[in-house]
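Note sheet for the following structure.
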Amino acid sequence: MTEYGPRPVGRRLPTEEARDLLTLVRELAEREIRPTAAEEEDAGHFPRATFTLLSEAGLLSLPYDEEFGGGGQPYEVYLQVLEELAAARLTVGLGVSVHTLACHALAGYGSKEQRAEHLPDMLGGGLLGAYCLSEPSSGSDAASLTTRATREGDVWTLEGTKAWTTHGGVADFYTVLARTGGSGAHGITAFLVPGDAEGLSAAAPERKMGMKGSPTAQLHFDAVRVPDSRRIGEEGQGFAIALSALDSGRLGIAACAIGVAQAALDEALAYTAERQQFGRPIADFQGLRFMLADMATQIEAGRALYLTAARLRDAGLPFSKEAAMAKLFCTDTAMRVTTDAVQLLGGYGYTLDFPAERFMREAKVLQIVEGTNQIQRMVIARHLAGPEKR
């Protein structure tokens, strides 16, 4: 009889501090997140207390400079933290990724005065952020957004609707992309909007097949007034800021996808080691062993791909193509691995009594968010063959 089951993920980390950090995150996830994940997801409970705990532990600020309250960790380390959190509960891992995305514009393009005023609370003050780019009629074609910001003196007035906003209605601040000039990418500007701004309201959360604990909602901007001191970067620079953020955000989604896939593999390994048929564990049957081997290989390949892209980013080198590749491959891997996990559990995999079916439902959205995988293929092809001829 084979002794078989899940084993800890072997990680190559750059420092002893990083190893201690991953140990802390793994212990926190096992103690505070995983035990209630299934129940809270089923109930659609948003884990605000968990995000407060992560903020207090310094885990909402990892890739940002220590000068403003960040953790000063390279992306190589931050993404592996995301992976551990997503393996415990995707609502939490993806939520940390979205918060990091929401902080990106101010951290990278804000003035020193803006960063000093806002970043400490955004990074470690218990606040939670959201990112507003998509609209009901502007998803993949983000440059066609129509939410408009009109300036009068030192105040901007925002009018329009944003869609598919993770943390919509519960966030403390929103990074909002709005049109301040003509059509196209060059007429877009970024703003930091408080969550309690007058005229800002959220629609009822979308009814989703997975990630029910993570609210996704439309946001309505009805004459929302924002001082010019909350404009991020130059007028017309917003779309470039958004693309820069999305390159990094795609790595966050890739890491979350590998976390979900790893959780599904661990569940399949534990089940096949315990389940007996024909007098032995089903993990001893070659057909199932080959499925497990393929699942593990795809996960390791995805992890290597997102870490390669992260190390390019950490070195200050171009990584847009590699980020798109990582997002594409890792999220497709999560979908394949979670589907195979359901198959390996047989009828039990299709029931709510085991987490495999939840992993499969959650994996699907990762192929869609922060640029569908069809868009990722377009990005990669442009790097390889140049822009499409029109």
Side-chain angles (χ1 to χ4, degrees), residues 33 37 40-41 43-56 59-64 82 85-86 88-107 118-119 121-136 139 142 147 158 160-178 190-197 199-221 224 226 230 232 242 245-246 248-250 252-253 255-256 362 365-366 368-371:
I33 301 174
E40 292 193 359
E41 283 298 321
H45 175 72
F46 176 62
R48 183 62 199 238
T50 299
F51 287 109
T52 300
L53 175 64
L54 294 176
S55 179
E56 292 171 350
L59 297 177
L60 291 187
S61 62
L62 287 176
Y64 292 112
L82 272 191
L85 293 173
R89 185 179 178 188
L90 182 58
T91 285
V92 175
L94 189 95
V96 174
S97 181
V98 167
H99 175 81
T100 302
L101 181 70
C103 295
H104 180 277
L106 188 69
H118 299 295
L119 268 184
D121 285 341
M122 290 165 63
L123 295 179
L127 301 186
L128 189 65
Y131 188 75
C132 300
L133 177 60
S134 294
E135 297 181 0
T147 295
L158 276 64
T161 297
K162 291 295 182 179
W164 308 114
T165 304
T166 301
H167 302 158
V170 300
D172 300 297
F173 65 90
Y174 298 90
T175 295
V176 181
L177 283 302
F191 297 90
L192 182 67
V193 179
D196 60 356
L200 175 61
S201 62
E206 305 289 351
R207 299 169 60 208
K208 300 176 297 186
M209 67 183 285
M211 289 193 69
K212 297 179 182 180
S214 175
T216 304
Q218 287 191 358
L219 288 176
H220 303 301
F221 294 80
V224 174
V226 179
R230 282 181 170 262
I232 304 172
L246 287 174
S248 297
R250 285 165 181 164
I253 299 301
C256 286
E362 291 176 341
V365 77
L366 299 176
I368 299 170
V369 296
E370 299 209 18

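Throughout, residue positions are numbered sequentially from 1 according to the sequence presented.
Side-chain N or O atoms of Y64 include one that pairs as donor or acceptor with a backbone N or O of T100 at under 3.5 Å.
Residues forming a side-chain hydrogen bond (donor to acceptor under 3.5 Å, both in side chains) with H45 (at least two apart in sequence, or on another chain): none. Residues that satisfy the salt bridge (Lys or Arg N to Asp or Glu O under 4.0 Å) test with R89, not counting sequence neighbours, are E40, E41. Taking S248 as the reference, R313 meet the side-chain hydrogen bond (donor to acceptor under 3.5 Å, both in side chains) condition, with sequence neighbours excluded. The side-chain hydrogen bond (donor to acceptor under 3.5 Å, both in side chains) check on T52 picks up nothing, with sequence neighbours excluded.
The CZ atom of F191 sits 9.0 Å away from the CD1 atom of I232 when rounded to the nearest 0.5 Å. Taken to the nearest 0.5 Å, the CG atom of L94 stands 9.5 Å off from the CD atom of E362. Atom CG of L54 and atom CG of L62 lie 9.5 Å apart (nearest 0.5 Å). The line from CD of Q218 to OG of S201 is 10.0 Å long, rounded to the nearest 0.5 Å. One distance of note links CE of M122 with CG of L106; it measures 5.0 Å at 0.5 Å rounding. Interatomic distance, CG of L177 versus OG1 of T147, reported as 9.5 Å (0.5 Å rounding).
Across all non-hydrogen atoms, the minimal contact from E370 to R250 is O-NE, 3.1 Å. The two residues S55 and G126 make their nearest non-hydrogen contact at OG-N, 3.0 Å. Closest heavy-atom contact between L219 and G169: CD2-N, 3.9 Å. Nearest heavy atom pair, residue H99 against residue L60, reads CD2-O, 3.4 Å. Pairing each heavy atom of G129 with each of V98, the nearest pair is O-CG1, 4.1 Å. Taking each heavy atom of A130 and A102 in turn, the nearest pair found is O-CB, 3.3 Å.
A 4.5 Å side-chain heavy-atom check between L366 and L90 finds at least one atom pair inside the cut-off. Using a 4.5 Å heavy-atom cutoff, the side chains of V96 and L82 are in contact. Side-chain contact between F173 and L127 is present, with at least one heavy-atom pair separated by less than 4.5 Å.
Test S97, C256, P47 against V92 for side chain to side chain contact (heavy atoms under 4.5 Å, CB included) and you get one pass: P47.
Checked against the 6.0 Å centroid threshold, Y174 and H167 do not count as a close aromatic pair.
Within the structure, salt bridge (charged side-chain N to carboxylate O under 4.0 Å, His left out) contacts touching residues 162-173 (residues at least two apart or in different chains) are R48-D172, E135-K162.
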Throw together a table of side-chain donor-acceptor distances under 3.5 angstrom for residues 204-215, partners on residues two or more places apart or in other chains.
{"unit_1": "K208", "atom_1": "NZ", "unit_2": "M211", "atom_2": "O", "d": "3.0"}
{"unit_1": "K208", "atom_1": "NZ", "unit_2": "S214", "atom_2": "O", "d": "2.5"}
{"unit_1": "K208", "atom_1": "NZ", "unit_2": "T216", "atom_2": "OG1", "d": "2.8"}

Residue pair L128, F46: steps toward the side chain to side chain contact (heavy atoms under 4.5 Å, CB included) verdict: CA-CA 12 Å; L128 189 65; F46 176 62; 3.5 Å; yes

Worked check of side chain to side chain contact (heavy atoms under 4.5 Å, CB included) between L85 and I33: CA-CA 8 Å; L85 293 173; I33 301 174; 3.9 Å; yes

Test side chain to side chain contact (heavy atoms under 4.5 Å, CB included) applied to L246 and L133, step by step: CA-CA 10 Å; L246 287 174; L133 177 60; 3.9 Å; yes

Intermediate values then yes/no, side chain to side chain contact (heavy atoms under 4.5 Å, CB included), L200 and F221: CA-CA 5 Å; L200 175 61; F221 294 80; 3.6 Å; yes

